Protein chains: 2
Amino acid sequence: MNSKHLSLALAGMLTASVCMAQNGAPIKEDFVPSSLNQPQQEYPQVNSQGYVRFKIKAPKADSVRVSLGLGGRGGTKLTKDADGYFTGTTEGPMDEGFHYYHLTVDGGTFNDPGALNFYGSVRWESGIEIPAHDQDFYALKDVPHGNVQQILFPSKSTNTSRRAFVYTPPGYEKDKSKKYPVLYLQHGWGEDETAWSNQGHANLIMDNLIADGKIKPFIIVMTYGMTNNFRPGAGPRPTPPPAGATAPAGAARPRGFNMDAMVKGNGFETVLVDELVPYVDANFRTIADRPHRAMGGLSMGGGETHFITLDKPEVFGYYALLSGGTYTTEELNGKEKPKLVFMSYGSREPASKTVNDAATALKSAGYNAVAFVSENTAHEFLSWRRSLYQLAPLLFN
Amino acid sequence: MNSKHLSLALAGMLTASVCMAQNGAPIKEDFVPSSLNQPQQEYPQVNSQGYVRFKIKAPKADSVRVSLGLGGRGGTKLTKDADGYFTGTTEGPMDEGFHYYHLTVDGGTFNDPGALNFYGSVRWESGIEIPAHDQDFYALKDVPHGNVQQILFPSKSTNTSRRAFVYTPPGYEKDKSKKYPVLYLQHGWGEDETAWSNQGHANLIMDNLIADGKIKPFIIVMTYGMTNNFRPGAGPRPTPPPAGATAPAGAARPRGFNMDAMVKGNGFETVLVDELVPYVDANFRTIADRPHRAMGGLSMGGGETHFITLDKPEVFGYYALLSGGTYTTEELNGKEKPKLVFMSYGSREPASKTVNDAATALKSAGYNAVAFVSENTAHEFLSWRRSLYQLAPLLFN
């Protein structure tokens, strides 16, 4: 992040009143319903500057707050009107892209009844989308579409059937002889196997890249990255942070975190390497070898990728950490060489300052390393959508 | 419904206090978290009698009500404790199976933060599951599992890519030469293409039937049954009722409903018959002819099935209406004969009294007609899970 970008990032942290004074521009009254609203719902709305306006019906409530707003300052307090609706607008514009949020209604935590829900922070939260200037790359277009299928694979180590989603590219069903490489792609802490499709639009990113001829088709497999027998009443799940990344907004800070214990101790490495990979290779038309198998993940999923690729370098040929730390030459030294190390961050993440140097160090030592910084985004999904878009063309070449 | 069943149904409508006096049994304190709770959530809870207990944190709220409870009497009013939690238990036991519900917090409509959400009543609502005595047939078991895949198919008539979910049975990916029959299965009013998998467990019902050798594998296709260009701000969608069925609890009663106009006028018949069926036949290994293609639906989806099968009898060979009306000999007369007419209701639905007579009349006229009544269930998903379980073995023989 150079000084210009740093200034922009800081400017984004000022209050709306200051921004407006600086810009001399009022809030534009061109609000439209968020693209992630539930059917028929007019609110929340977003304007062309990235401000968000809320409207919540709660005629007998005293107080409604929205967690969304400028960081760390309590979100947006809504004001009750005579008709029993609480309304309000964020103090400043939000970053482009996807954000989780929730309401606090008279002290209780609820979702916005107007918005769709997305699994994050270990709960289904409301989601909103600020249209990004580069949203075309993950838009739903009139191109051939791959499928996203839910599979239930047997897991002896956890004594259950576990769920994964598998993206198969357009044409997969037609040419019965063609085989494909596979990317195993992990979600972040507090999320689950739905995140990369729902929040990440991984399938649409792939469809568009394939339609544009920018990549050769491959399969993506997304599963739940923990094995904590996570059932109601079983107590809190471990709350590991992303390795080297800032915690998601609103997420509880974990204590005493140990990635080795989390990944290996809780058995995810076993589920992934010994159960899911063989199941996918047996049930889909994969090219079942290391040069055609990649692992990547965002945040905690980057931590898992980091750990598992180093522990099982014979399984995966390509490694990708998205807001999930960096590799060092010391770690990779003496192991089977990865064909690619990809590391990315959003520019608003402090660790984004380290990622270019990490790639440079790896390149100096003879590794194929690529760094990517997503401009003007934080530890959030637009960083990771862009990262996947950058990563995909580098895989399996 | 005979007089004994009617008495049972009426008994179910009495208050808990009366039931308890009749039974002489107190509410059993064996509550456990609902199987549909969000991760780590202890509430809502269900006991072995079917009572539901709620616990909602809202320390500064004056009033929290739950829509779930004995019909038509305002649900369950919760009581605030000293710690700021609202708690309460339904007045009486709920029917076995799945129920939608929501909270009213100080006059506003919100979902229970403890429960998973399911799309019904044109919104994502909280869901709860009362374990059914026969739940084994839709349980997740250690058997081979089919996949449920999201497809995005091009629709020229609606100028967009539309979503469907496709269940492919276990083994579909392995034997590349095998072709399968297809059931097109529609959701009800206010629901969408997610309902049959999420609420209905259609995939698990199929997996279990196949594992038990009770059916030959087939594909199920589930898509959204309306074409109202349903975007935020576009105004209310048409609200057709199910043909011959009671409206879902809590659903607004539609006025001036006309199934012909709804299905044909809004273009769903075109989407299904001219766009989705050809897409599925081109992209999946189907047996693409009338004797291997069925259509069924619940509630409004039954109405759609009724209309479309009569309008396009050359397309579908098997017809199934689940809480969605009945066929008459007059309607079928002179058209290509269906290989099966299946009609079902929950016993607590008034129309359940008509379904056996309707089947008898069709059989007298030489049709292969089957009626099914789900005992002690209403216009809700346990009726439809059981109906699918009964229907599947009758298809494609």
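These numbers come from a predicted model, not from an experiment. Every chain is numbered from 1 and lettered A, B, ... according to where its sequence line falls, protein lines coming before strand lines.
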Exercise for the section: Could you walk me through whether A:Lys174 and B:Asn283 pass side-chain contact (heavy atoms from CB on, under 4.5 Å), step by step? Expected result: CA-CA 6 Å; A:Lys174 287 198 172 163; B:Asn283 288 280; 3.5 Å; yes
Problem - Derivation of the side-chain contact (heavy atoms from CB on, under 4.5 Å) call for B:Lys60 and A:Asp62 - result: CA-CA 8 Å; B:Lys60 294 174 187 166; A:Asp62 296 320; 5.6 Å; no
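For A:Thr109, the part lying near chain B is the backbone, with the side chain staying farther off; criterion is any non-hydrogen pair under 4.5 Å. For B:Tyr172, the part lying near chain A is the side chain, with the backbone staying farther off; criterion is any non-hydrogen pair under 4.5 Å. Only the side chain of B:Asn117 comes within less than 4.5 Å of a heavy atom of chain A; its backbone N, CA, C and O stay farther away. Of the atoms belonging to B:Asn203, it is side-chain heavy atoms, and not backbone ones, that fall under 4.5 Å from chain A. Interface residue A:Ile151: backbone and side-chain heavy atoms are both found under 4.5 Å from chain B. When heavy atoms are compared at a cutoff of 4.5 Å, B:Leu36 does not approach chain A at all. Of the atoms belonging to B:Leu140, it is side-chain heavy atoms, and not backbone ones, that fall under 4.5 Å from chain A.
Looking at A:Gln150 and B:Gln150, their side chains never come closer than 4.5 Å, going by heavy atoms from C-beta outward. No side-chain heavy atom of B:Asn147 sits less than 4.5 Å from a side-chain heavy atom of A:Leu152. Here the side chains of A:Asp142 and B:Asn159 are not in contact, with every heavy-atom distance at 4.5 Å or above. When side chains are defined from C-beta on, B:Gln149 counts as touching A:Glu173, because their heavy atoms get closer than 4.5 Å.
In terms of heavy-atom proximity, B:Pro113 sits nearest to A:Arg123 at CB-NH2, 4.2 Å. Residues B:Pro59 and A:Gly107 share a closest heavy-atom pair of CD-O, 3.3 Å. Shortest non-hydrogen contact noted between B:Phe110 and A:Asn111 is CD2-O, 3.5 Å.
Contact tally against chain A (heavy-atom pairs below 4.5 Å) for B:Tyr85, B:Phe86, B:Trp124: the top residue is B:Trp124. Taking chain B as the reference chain and counting heavy-atom pairs below 4.5 Å, the highest number among A:His102, A:Lys141, A:Lys57 is found for A:Lys57. Contact count against chain B (heavy-atom pairs under 4.5 Å) is highest for A:Ser161 among A:Pro154, A:Ser161, A:Ser197.
Here A:Gln38 contributes atom CD and B:Glu125 contributes atom CD; the two are 9.5 Å apart, rounded to the nearest 0.5 Å.
Atom NZ of A:Lys80 has more than 12 heavy atoms from other residues, nucleotides or ligands within 6.0 Å.
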